[in-house]
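Notes to accompany the following structure.
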Protein chains: 2
Amino acid sequence: MPHTARTAASRQNGGRYGTRPTMKDVAAQAGVGLKTVSRVVNGEAGVSSDTERRVQEAITALGFRRNDSARVLRKGSTASIGLVLEDLADPFYSPLSRAVEEIARAHGALLINGSSAEDPERERELALALCARRVDGLIIVPASDDHRYLEPEIAAGVATVFVDRPPGRIDADMVLSDSANGAREGVTHLIAHGHRRIGFIGDHPRIHTARERLRGYREAMADAGLPSPDSWMALGGTDPERVRADAARMLAGPEPVTALFAGNNRVTVTLVRVLAEIAEREHPVALVGFDDFELADLLSPPVTVVAQDPAELGRSAAELLFRRLDGADDPPRRVTRPTRLVTRGSGEVPPPA
Amino acid sequence: MPHTARTAASRQNGGRYGTRPTMKDVAAQAGVGLKTVSRVVNGEAGVSSDTERRVQEAITALGFRRNDSARVLRKGSTASIGLVLEDLADPFYSPLSRAVEEIARAHGALLINGSSAEDPERERELALALCARRVDGLIIVPASDDHRYLEPEIAAGVATVFVDRPPGRIDADMVLSDSANGAREGVTHLIAHGHRRIGFIGDHPRIHTARERLRGYREAMADAGLPSPDSWMALGGTDPERVRADAARMLAGPEPVTALFAGNNRVTVTLVRVLAEIAEREHPVALVGFDDFELADLLSPPVTVVAQDPAELGRSAAELLFRRLDGADDPPRRVTRPTRLVTRGSGEVPPPA
DNA sequence: CTGAAAGCGCTAACAT
DNA sequence: ATGTTAGCGCTTTCAG
């Protein structure tokens, strides 16, 4: 806490910094008791309209604003929930966050969210900081694979729901997309369009969804009796340079892949760029991406995707959380949301003759 | 505060809900005084390593987590800042939010953000709720045009910075893009490429940036000695249907516009769609959009934009805020960030011969 | 190096 | 309808 706003504030208010009025001050100003002010501030019944008016005037005159820290300390509940995700600026997660915010708002709760930047330690710090602020509940997109650090918090009553990826080493509610089946469907679609050499480029293998989507890819290939050598699979994260290198490798050599499956929206966007750059030189490469994204339908060719609904994931997770906060005590649930194959063109490009 | 997690939590912890251990409990368990626990928890000096170890063991055994509400109540500062913006899921605002989060993190502060959904009343509710939680500072993308409601808060020492749009009826720090000049540059670019009938489609006129960009459009037209009749200007918000209708109107009739200027990224995306739909039937219409967006360079034609840097806006605002929190007391500043014309193709389409 | 006491601003419980 | 008292869990102050 290195910040003291004294000087700046003094300038703005003529030196009255720290003069935050309290209910006691309001009570004195209005000539009433403390509890009466509390009643007015909280809209409780049992205050005559005349008294209420006097209190309201005092509140306005003094610029009083209730101190919620004191309130929380006394009441034990904060009417706020926390959301820890990978990156608030990722177009997959920002609608998820917004959906959670709307549900929270409908329940009169404030949402506090933080980005883990895919760093397990940062996820932990954030989640525990939120617990220290006594959020009523927590929604987490895991970066970590071990959530035992949350056990004391859960034991103390912090409702916890995991979304997009399952929790590690604890039993808790979770809301997931059906990654494996989605990927299998996408890859099967490519196979149906004649492809036999298909590459998979996905996120780090430590990420559950990356592993699941790879599994779907492998199953689809195996089901069709196709080989899937290691050189056709790259799980190295979403760094564009890395994705470019992997794609270049798979597209080179005597037996290049004729189609690519992208493990998430970041990879898809990079692959769209890569394929656009080589479009003029070679036979077009087919592409199916996991996750839908804005403008996918306006690219050339339009991009076929396995779509998830991130807002729906957020809504489901938030609703599950508030069910818990309202007292639901059935065993932890695993909610799986289906994906949807959206064919637009890039996934229907045939292999070279 | 309708939520009691009792039942759900009881299930998870065997009925020990509410047994959140306090420092007092830890002190008893470790056989030391309360203040010693406080010292250990806060990493203060003056505790023997033996005592410290005993306290740490008690903390772990009991699952103690400091209650920050009590801490805040006592200390007065929360080490958190608030950000109120239009929509966390908008690709323009989510990087802004993320940038603020990173600066806050570097200063040891937590960011709490909320979406106003462009509703002035909701902006006010959110900002005041954050003040009630005693955030140290506030960054606001205004939806309202009157921020006098913040006067008591600012007087009480809440540092406040406005970003993307100026505050209404109060004097405060602000960080803005140079909307008028950016728009003028974009429209002048279209004029330089031979266009004389150019339409402007932007956001609601109650939004400052929409008015400023319209002003830039008008100035560019006037500077070139071109007329800009009302029928070539539409400020009706970003609803796609509305934008479509406005575009259809401007593109119809005997003297249709040959180029369009889009007031923000939402409008641009809709216009890209509209123009793609009519591309086969007519001479291509030129397009320049305010705000850059992902994949703009991969559309056909690639979209020329007047780019702002939302992350940089967020960083500037956050740095200004922390300067205030660190005591800077110079008069409120108005920081203006330049825009950048990025030519990609759609803005260089010539008018029909 | 350690601890006891006071109190931050509010609400719950109990008067009146 | 209104007021009084106690205490939420922590940090500050001051004493050992």
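The model shown is predicted, which means the values in this text are computed figures rather than measured ones. Heavy-atom basis, side chains included; hydrogens, waters and symmetry copies ignored. Quick note on labels: first sequence line is chain A, next is B, and so on, each numbered from 1.
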Specify the separation, in whole Å, of atom [atom1] of [X] and atom [atom2] of [N].
X: A:Met23; N: D:dT4; atom1: CE; atom2: C1'; value: 16 Å
X: B:Asp68; N: D:dC8; atom1: CG; atom2: P; value: 18 Å
X: A:Arg65; N: C:dC10; atom1: CZ; atom2: P; value: 12 Å
X: A:Lys24; N: C:dG9; atom1: NZ; atom2: C1'; value: 10 Å
X: B:Glu44; N: D:dT12; atom1: CD; atom2: C1'; value: 10 Å
X: B:Leu34; N: D:dC14; atom1: CG; atom2: P; value: 18 Å
X: A:Asp50; N: D:dA1; atom1: CG; atom2: P; value: 13 Å
X: A:Glu52; N: D:dG3; atom1: CD; atom2: P; value: 14 Å

>> Could you check whether any side-chain heavy atom of A:Val32 comes within less than 4.5 Å of a side-chain heavy atom of A:Val40, counting everything from C-beta outward?
In response: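 They are not in side-chain contact.
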* Asked: Hey, does B:Glu57 have a side-chain heavy atom less than 4.5 Å from the side chain of B:Gln29?
  ->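 No, too far: nothing below the 4.5 Å cut-off.
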Q.
Just to be sure I understand the rule, does B:Val72 reach a base, reach only the sugar-phosphate, or reach nothing, if contact means heavy atoms closer than 4.0 Å?
A. nothing
With heavy atoms under 4.0 Å as the rule, sort B:Asn42 into base, sugar-phosphate or nothing.
-> sugar-phosphate
Test your reading of the model: is there a side-chain donor-acceptor pair from [X] to the backbone of [Y], 3.5 Å cut-off?
X: A:Asp136; Y: A:Ala79; value: yes
X: B:Arg122; Y: B:Ser115; value: yes
X: A:Asp146; Y: A:Arg148; value: yes

Between [options], which one does the side chain of [X] approach most closely?
X: A:Lys35; options: D:dT4, C:dG3, D:dC10; value: D:dT4
X: A:Arg39; options: C:dA6, D:dG3, C:dT2; value: D:dG3
X: B:Val47; options: D:dT11, C:dT2, C:dC10; value: C:dT2
X: A:Thr51; options: D:dT11, D:dT2, C:dG9; value: D:dT2
X: A:Leu73; options: C:dC10, D:dC8, C:dG3; value: D:dC8

Just N and O in the side chain of [X]: are any of them under 4.0 Å from OP1 or OP2 of [N]?
X: A:Ser38; N: C:dT11; value: yes
X: A:Ser48; N: D:dA1; value: no
X: B:Arg74; N: D:dT12; value: no
X: A:Thr36; N: D:dA1; value: no
X: B:Lys75; N: D:dT12; value: yes

Test side-chain contact (heavy atoms from CB on, under 4.5 Å), reference B:His147, set B:Pro142, B:Pro120, B:Pro166, output is B:Pro142
Q) Pick the nucleotide of DNA chain C nearest each of B:Ala45 and A:Phe64; which residue has the one closer to the 5' end? A)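 Comparing both residues, the 5'-ward one is B:Ala45.
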